[in-house]
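Here the structure is laid out as structure tokens; the discussion comes afterwards.
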Amino acid sequence: MEIATELEFPLIPVLARMELQGIKIDMDRLQAFAGELRKDLIALQETIFQKTGTDFNLNSPQQLGDVLFNKMGLPSGKKTKTGQYSTSEAVLQELANEYEVPSLILDYRSLAKLLSTYVEALPKLADPETHRIHTSFNQTIAATGRLSSSNPNLQNIPIRTERGREIRKAFIPEEGFMLVSADYSQVELRVIASIANATQMIQAFEDGEDIHARTAMEIFGLDSLEDVTPDQRRKAKEVNFGIPYGVSAYGLASRLGIPNKEGKQMIDRYFERFPGVQTYMTSTIEEARDKQYVTTLMGRRRYIPDIQSGNWNARGFAERTAINMPIQGTAADIIKKAMIEIDELLQREGCRSRMLLQVHDELVFEVAHDEVEELVPKIRGLMEQAFELSVPLEVEVGVADNWLDAH
DNA sequence: TCTCTGCTCAC
DNA sequence: CAAGTGAGCAGAGAC
């Protein structure tokens, strides 16, 4: 009830304003990019048809599986649950070193995804007068307390690949405004450190250390942060991301491409160095078994009846859900509280600037030129002070004339 | 037209 | 067995 009256209900008008405001896209830029992508896709398709010696629908996993594994006789791996050959990214990646076609398919897929899901779809949804796109922020979908976004989903705009970033560049401010992006740095890890009372991790955050390097130092038994190699840091980062999801030795090893034994060693060492995290995991599962629900630090509740299931698989899934929800959900509670307070500031001060998007740990604003200087520190302050953990919350802010460069 | 499946984008 | 939360696309098949 407190989450409802103090957080969710006050958030409703905030989300309504964000949806009504919308965000402007550069339609010309997207149209030009669409032309490039179409040209490259046709060329890739031609090459693939030539190398496979057959024309087929490249977008059909079924037809693709037939061509790769029956006609060409490539070594097949996983099957899907309907008994077809899997052509998933993982499967194709496995073949990509030895064979040319799977690698070309991967290139084709990534471009086709960008074109169909974003470059062609977004302009269709823009207001023809204002060129602004209006998403729906769904408040009652995600079981952890996160928002979701639909029609279009503006929470999954590409950023990881070079050409994906082209799409972010097409999100722009209105004349006279800048886009401001403010994102919480490592918020979920800070929540874990705080909930689990992980002393070394708390110290690292207080000292402003590189948290993945610190984790590497701990799990690989090094004496100093300077001794951490890039490869050790990469592995430690994967552990830090996997822990809040209840990753197994097998899961970690397969993601890192290392032996299971090595994955197990890393996880064992992690729990040795951060015993609070292990205690958190076991006590959270125990509590969930007892009450059939788990909670965030602000009291949001998620019921997990499967935690008592006799089915090994269902119970395991429920346990990982139980571990994850308080972490993901506390982060969601924190940003929601910040949104309410920032909206209140913008309304109270009669600002022309406005909040446009929320992407789980990030808020995007359209800020009038003459309000940037005053608002940026206030936004940062409200986000960092939204909730007190036993570690500081840190927010990174960027200002630019498109979303990519603001990030 | 509707639903399911496989795949891939984000945090 | 095996990493949590979502959304949308194209293909495929039922109706």
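In what follows, chains are A, B, ... by sequence order, proteins preceding strands, each numbered from 1.
For A/Asn153 and C/dG8, the shortest distance from a side-chain N or O to OP1 or OP2 is not below 4.0 Å. In this structure, A/Arg160 reaches the B/dA10 phosphate: one of its side-chain N or O atoms is under 4.0 Å from OP1 or OP2. Phosphate proximity of C/dA7 to A/Asn156: absent, as no side-chain N or O sits under 4.0 Å from OP1 or OP2. For A/Thr144 and C/dT5, the shortest distance from a side-chain N or O to OP1 or OP2 is not below 4.0 Å. Residue A/Arg302 has a polar side-chain atom (N or O) positioned under 4.0 Å from OP1 or OP2 of C/dT5. Dashed line: the shortest gap from a side-chain N or O of A/Gln84 to OP1 or OP2 of C/dA12 is not under 4.0 Å. Taking 4.0 angstrom as the limit, A/Thr117 places none of its side-chain polar atoms (N or O) nearer than this to OP1 or OP2 of C/dG8. For the pair A/Ser60 and C/dA12, the criterion of a side-chain N or O lying under 4.0 Å from OP1 or OP2 is met. Using a 4.0 Å cut-off, some side-chain N or O of A/Ser86 falls inside it from OP1 or OP2 of B/dC7. Taking 4.0 angstrom as the limit, A/Thr82 places a side-chain polar atom (N or O) nearer than this to OP1 or OP2 of B/dG6. For the OP1/OP2 pair of C/dA2 and a distance below 4.0 Å, the side-chain nitrogens and oxygens of A/Asn260 include no atom meeting the criterion. Taking only side-chain nitrogens and oxygens, A/Asn151 comes nearer than 4.0 Å to OP1 or OP2 of C/dG8.
Judged by distance alone, with hydrogens and angles left aside, A/Arg146 brings a side-chain donor or acceptor within reach of the base of B/dC11, the pair sitting under 3.5 Å.
Looking at heavy-atom distances under 4.0 Å, A/Glu89 makes contact with sugar-phosphate atoms alone, never a base. Residue A/Pro244 is out of contact with every strand shown, counting any heavy-atom pair closer than 4.0 Å. Across all strands, A/Glu319 comes closer than 4.0 Å to no nucleic acid atom at all (heavy-atom distances). At a threshold of 4.0 angstrom between heavy atoms, the contacts of A/Gly316 with the nucleic acid are absent. If you check every strand for non-hydrogen atoms under 4.0 Å, A/Ile327 touches nothing. At the heavy-atom level, A/Glu362 lies nowhere under 4.0 Å from the strands shown. Within the 4.0 angstrom heavy-atom criterion, no nucleotide atom of any strand lies near A/Ala332. Among the protein residues, A/Asn324 comes within range of the sugar-phosphate backbone only, with heavy atoms under 4.0 Å from sugar or phosphate atoms but none that close to a base. Residue A/Ser254 is classed as having no contact, given no heavy-atom separation below 4.0 Å to the nucleic acid. Counting non-hydrogen atoms under 4.0 angstrom, A/Leu252 reaches nothing in the nucleic acid.
Here B/dG6 is the nucleotide among B/dG6, B/dC11, B/dT8 with the atom lying nearest to any side-chain atom of A/Pro61. If you check C/dT5, B/dT8, C/dG6 against the side chain of A/Lys113, the one that comes closest is B/dT8. Nearest to the side-chain atoms of A/Ile159 among the listed nucleotides B/dA10, B/dC7, C/dA2 stands B/dA10. Comparing B/dC9, C/dG6, C/dC9 by their nearest atom to the side chain of A/Ala121 picks out C/dC9. Out of C/dT5, C/dA7, B/dT8, the shortest distance to the side chain of A/Phe317 is found at C/dT5. Checking B/dC11, C/dA2, B/dT5 against every side-chain atom of A/Asn313, the shortest atom distance belongs to C/dA2.
The CD1-C1' distance, from A/Ile258 to C/dA2, rounds to 14 Å in whole Å. Atoms NE2 (A/His407) and C1' (B/dA10) sit 10 Å apart, rounded to a whole Å. Atom CD of A/Gln62 is separated from atom P of B/dC4 by 18 Å (rounded to the nearest Å). Nucleotide C/dT5 holds its C1' atom 14 Å from the CZ atom of A/Arg320, rounded to whole Å. With rounding to whole Å, A/Leu64 atom CG is found 15 Å from B/dT5 atom C1'. Separating the CD1 atom of A/Ile157 from the C1' atom of C/dG6 is a distance of 14 Å, rounded to the nearest angstrom. The nearest whole Å value for the distance from the CD atom in A/Gln358 to the C1' atom in B/dC11 is 10 Å. One atom, CD of A/Gln155, and another, P of C/dG8, lie 11 Å apart when rounded to the nearest Å.
For the pair A/Arg354 and A/Phe177, the cation-pi criterion (under 6.0 Å, within 45° of the ring axis) is fulfilled. Taking the ring axis of A/Tyr85 as reference, the NZ or CZ atom of A/Lys78 does not stay both within 45° of it and closer than 6.0 Å to the ring centre.
Straight-line distance between the P atoms of B/dG6 and C/dA2: roughly 16 Å, to the nearest whole Å.
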So A/Leu7 and A/Arg300, side chain to side chain contact (heavy atoms under 4.5 Å, CB included) or not? Walk me through it.
CA-CA 10 Å; A/Leu7 215 56; A/Arg300 182 188 303 273; 3.9 Å; yes
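Ring-centre distance between A/Phe241 and A/His212: below the 6.0 Å cut-off.
For A/Thr87 and A/Arg109, the side-chain atoms include at least one donor-acceptor pair closer than 3.5 Å. Side chains of A/Gln358 and A/Gln155: a donor-acceptor N/O pair is present below 3.5 angstrom, by distance only.
A/Lys291 and A/Glu286 are not joined by a salt bridge, as no carboxylate oxygen comes within less than 4.0 angstrom of a charged side-chain nitrogen. Salt-bridge check for A/Arg352 with A/Glu366: failed, with every basic side-chain N at 4.0 Å or more from each acidic carboxylate O.
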